[in-house]
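One structure is given here, and the rest of the page talks about it.
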Amino acid sequence: MELIVQKFGGSSVADAEKIKAAAQRVAQSFRKGNQVVAVVSACGQTTDELFALAEEITDRPSTRELDMLVSTGEQMSIALMAMAIHALGHDAISFTGAQVGIVTDSQHTKARILKINTKKIKEELDRGKIVVVAGYQGVDAYNNITTLGRGGSDATAVALAALLKADLCEIFTDVDGIYTADPRIVPEARKLDRISYDELLELASLGAKVMQARSIEFAKRYNVPLRVRPCFNNSEGTTICQEVREMEENVVSGVTVTKDEAKVIIRGIPDRPGLAARIFREMAQSNVNVDMIIQNIGTHGQANITFTVPKAELDAAMEAVRKIQGEICAQEVSADSNVAKLSVVGIGMRSHCGIAEKMFHALAEEEINIQMISTSEIKISCIIDEAQAGRAAKAVHKAFGLERPGRPGS
Ligand code: ADP
Ligand code: ASP
Ligand code: MG
């Protein structure tokens with residue numbers, strides 16, 4: 001008998017028929033003699049709709065009340081899932097995050113799981129029940145409901161799988177697995193049979209929303225056997241595992257695009273020590289997450305600094321920069337939110353050269369201008385014009401031959 005955690009994303013439980021189909025999946029695994037914990041997201045676009053509703057009330061809702069509101073989406077879907085399993089003749093019981101003791105810190109809307117009391121889940125499993133747990137939510141030390149950041153049901157599933165020492169954690173979604181690029185942006189993208197935690201973590205952090213980045217960090221740390229599978233057919237999906245030697249041959253395994261960042265440009269600041277420190281201290285104090293930074297070589301004693309921040313934090317970033325504009329003697333401050341970040345990711349980059357050249361060449365051929373560049377051990381990212389993002393992704397995907405069966409990116 002194995003213990004399996006199965007997570008169903010919003011699209012997999014979008015309506016009654018889909019909930020019934022997802023329940024069938026759970027029942028199938030249960031009938032094979034497995035213990036099953038189902039983690040369920042809110043149905044369809046419910047979470048987006050709840051956020052939109054809050055925005056209609058106020059543009060500055062309290063984050064505690066937001067969590068109280070959006071967590072109701074999952075409370076609805078777990079009850080429906082449990083009923084659908086009952087209808088198939090099996091015993092099931094649903095629990096909210098608080099009910100199964102998913103304790104988090106108090107950072108509303110982006111809380112981290114601190115501990116989970118698995119006793120109750122284990123007791124119900126041992127009584128022969130299928131346990132249905134609400135994804136995305138927990139409770140802090142003061143009994144406030146919290147949520148785990150968008151896509152957070154993945155984190156619930158992975159954390160439960162780790163702490164229950166599950167034999168497998170299956171993430172059911174609306175695509176056949178992890179692809180070399182978002183198939184909605186690059187239709188030629190190809191499904192990967194296997195990918196390492198590190199590569200998937202980079203892909204997810206750089207915009208591939210197929211799994212929440214934080215959940216992959218957790219899966220890697222606890223070595224959770226993980227698979228991303230389609231909910232609507234029987235394909236095996238993609239297995240996520242620790243890196244194996246042959247993966248090094250995959251120079252590039254994927255391409256991502258994100259439109260979630262914006263650029264802040266500070267022109268004409270004196271080229272002297274301490275000013276960058278001053279600017280980024282102000283960003284840190286305003287809780288703005290800075291991603292890429294470039295500073296040009298000073299000319300005539302003056303320099304420009306450009307950096308990117310999440311679009312959602314652009315207003316806070318601009319407010320902070322304007323506050324110190326006089327103090328840092330900046331001549332001009334501006335912002336550009338029509339940018340996209342295009343990245344290529346692959347473990348094999350560590351041992352191969354020429355990757356940047358290939359990427360930049362593909363962009364040049366399309367006459368796409370690169371505004372900023374950043375690299376790490378296994379990724380290269382470029383900031384480009386948002387309107388060119390789709391075309392850029394397709395061109396770079398093609399340049400690395402990712403659509404071809406066989407080894408990607410070589
Ligand atoms: P769920 O509701 O199941 O959590 P999500 O919408 O969060 O599903 O994630 C699935 C979506 O992720 C897919 O529909 C796809 O458009 C998108 N996606 C982005 N990048 C990739 C990728 N590299 N591979 C597969 N899907 C991707
Ligand atoms: N329902 C939540 C969201 O839309 C959590 C999830 O889907 O994983 O972000
Ligand atoms: Mg998701």
Side-chain angles (χ1 to χ4, degrees), residues 6-15 18-19 22 25 39-52 66-67 69-78 97 109-111 133-138 146-159 170-193 195 199-216 227-232 235 237-238 240 252-260 342-346 389-390 393 396-397 402-403 408-409:
Q6 297 186 317
K7 178 252 167 178
F8 296 90
S11 46
S12 308
V13 290
D15 56 36
K18 288 184 175 145
I19 295 173
R25 286 245 173 213
V39 173
V40 189
S41 292
C43 307
Q45 310 298 317
T46 308
T47 312
D48 287 338
E49 286 159 14
L50 290 169
F51 272 110
L66 266 180
D67 279 352
L69 174 71
V70 298
S71 60
T72 60
E74 272 73 11
Q75 184 164 344
M76 193 174 120
S77 57
I78 51 169
T109 72
K110 48 183 176 196
V133 179
Y136 182 49
Q137 56 176 260
T146 53
T147 61
L148 309 175
R150 297 306 306 267
S153 298
D154 296 329
T156 309
V158 171
E170 293 183 306
I171 307 290
F172 286 98
T173 186
D174 61 351
V175 274
D176 275 0
I178 310 294
Y179 279 68
T180 49
D182 186 340
R184 288 182 217 217
I185 300 174
V186 182
E188 302 77 28
R190 196 168 41 78
K191 196 210 82 178
L192 300 166
D193 292 332
I195 190 167
E199 283 170 306
L200 183 56
L201 179 56
E202 283 283 4
L203 288 176
S205 312
L206 293 167
K209 291 190 174 136
V210 61
M211 267 195 85
Q212 192 204 34
R214 250 190 212 181
S215 70
I216 305 158
R227 202 202 270 176
V228 174
R229 303 184 66 179
C231 194
F232 309 125
S235 147
T238 303
I240 297 97
V252 167
S253 52
V255 173
T256 63
V257 173
T258 170
K259 297 180 179 174
D260 291 344
L342 174 78
S343 311
V344 294
V345 172
V396 170
H397 192 269
L402 292 175
E403 76 285 8

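If you're wondering where the values come from, they're calculated on a predicted model, not measured in any experiment. Numbering of ligands and ligand atoms starts at 1, following listing order.
Counting heavy atoms of neighbouring residues, nucleotides and ligands inside a 6.0 Å radius, atom CD of Q45 does not exceed 12 of them.
Taking any N or O of T47, backbone or side chain, at least one lies under 3.5 Å from an N or O belonging to ligand 2. Residue G149 places no N or O, backbone or side chain, under 3.5 Å from any N or O of ligand 2. Considering both main-chain and side-chain atoms, D154 never comes within under 3.5 Å of ligand 1 through any nitrogen or oxygen pair. Any N or O atom pair closer than 3.5 Å counts here, and K7 shares at least one such pair with ligand 1. Between G10 and ligand 1, an N or O atom pair is found at a separation short of 3.5 Å.
Listed by number with element, the atoms of ligand 1 under 4.0 angstrom from any heavy atom of R184 are 13 (C), 14 (O), 15 (C), 16 (O). Using a 4.0 Å cut-off to heavy atoms of G151, the atoms of ligand 2 that qualify are 3 (C), 5 (C), 6 (C), 8 (O), 9 (O). Close contacts between ligand 2 and S153 involve ligand atoms 5 (C), 6 (C), 8 (O) [criterion: under 4.0 Å to a heavy atom]. For ligand 1, the atoms closer than 4.0 angstrom to any heavy atom of S11 are 2 (O), 3 (O). When each atom of ligand 2 is checked for a heavy atom of S41 under 4.0 Å away, the hits are 6 (C), 7 (O), 8 (O).
The closest protein non-hydrogen atom to atom 25 (C) of ligand 1 is G177 O, 3.3 Å. Protein heavy atom at the shortest distance from atom 27 (C) of ligand 1 is V210 CB, 3.6 Å. Ranking the protein heavy atoms by distance from atom 23 (N) of ligand 1 puts Y179 O, 3.0 Å first. Taking atom 13 (C) of ligand 1 as the reference point, the nearest protein heavy-atom neighbour is D174 OD1, 3.4 Å.
The heavy-atom pair separating A189 from P183 by the smallest distance is CB-CA, 4.3 Å. Heavy atoms only, all atoms of each residue included: R229 and E170 are closest at NH1-OE2, 2.8 Å. When all heavy atoms are compared, the tightest approach of D67 to T109 is OD2-N, 2.9 Å. For V257 against A389, the heavy-atom pair with the smallest separation is CG1-CB, 3.8 Å. Closest approach of A42 and V13 over heavy atoms only: O-CG2, 4.2 Å. The nearest pair of heavy atoms linking S235 to P230 is O-CD, 3.6 Å.
Without hydrogens or angle criteria, E74 side chain to S153 main chain gives no donor-acceptor distance under 3.5 Å. Side-chain atoms of T238 come within 3.5 Å of backbone N or O of L192 as a donor-acceptor pair. Remark: side-chain polar atoms of S77 are paired, donor with acceptor, to backbone N or O of S41 under 3.5 angstrom. The backbone N or O of M211 lies less than 3.5 Å from no partner atom in the side chain of D154, so there is not a single donor-acceptor pair. Between the T256 side chain and the L203 main chain, no donor and acceptor come within less than 3.5 Å of each other. Of the possible polar contacts, one joining the R214 side chain to the K110 backbone as a donor-acceptor pair under 3.5 Å is found. Between the side chain of Q137 and the backbone N or O of G97 there is at least one donor-acceptor pair closer than 3.5 Å.
Residue contacts with ligand 1 do not include L203, since none of its heavy atoms lies under 4.0 Å from the ligand. Not a single heavy atom of G207 sits closer than 4.0 Å to an atom of ligand 1. In this structure, G73 does not count as a contact residue of ligand 2, since none of its heavy atoms falls inside 4.0 Å of the ligand. At least one heavy atom of A181 sits under 4.0 Å from some atom of ligand 1. Heavy atoms of G152 approach ligand 2 to within less than 4.0 angstrom.
The heavy atom nearest to atom 3 (C) of ligand 2, out of those in M211, Q212, R150, is found in R150. Here atom 8 (O) of ligand 1 lies nearest to T173 when heavy atoms of T173, I178, V13 are compared. Relative to atom 2 (C) of ligand 2, the option among E74, K209, K7 with the closest non-hydrogen atom is E74.
With a heavy-atom cut-off of 4.0 Å, S153 does not touch ligand 1 at all. Both the backbone and the side chain of D182 come within 4.0 Å of ligand 1, judged by heavy-atom distances. When non-hydrogen atoms are compared, ligand 1 lies under 4.0 Å from the backbone of K209 (N, CA, C, O) but not from its side chain.
Distances from atom 6 (O) of ligand 1 to the protein include no heavy-atom value under 4.0 Å.
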Check the pair R184 / D174 against salt bridge (charged side-chain N to carboxylate O under 4.0 Å, His left out), numbers first and verdict last. CA-CA 11 Å; R184 288 182 217 217; D174 61 351; 3.1 Å; yes
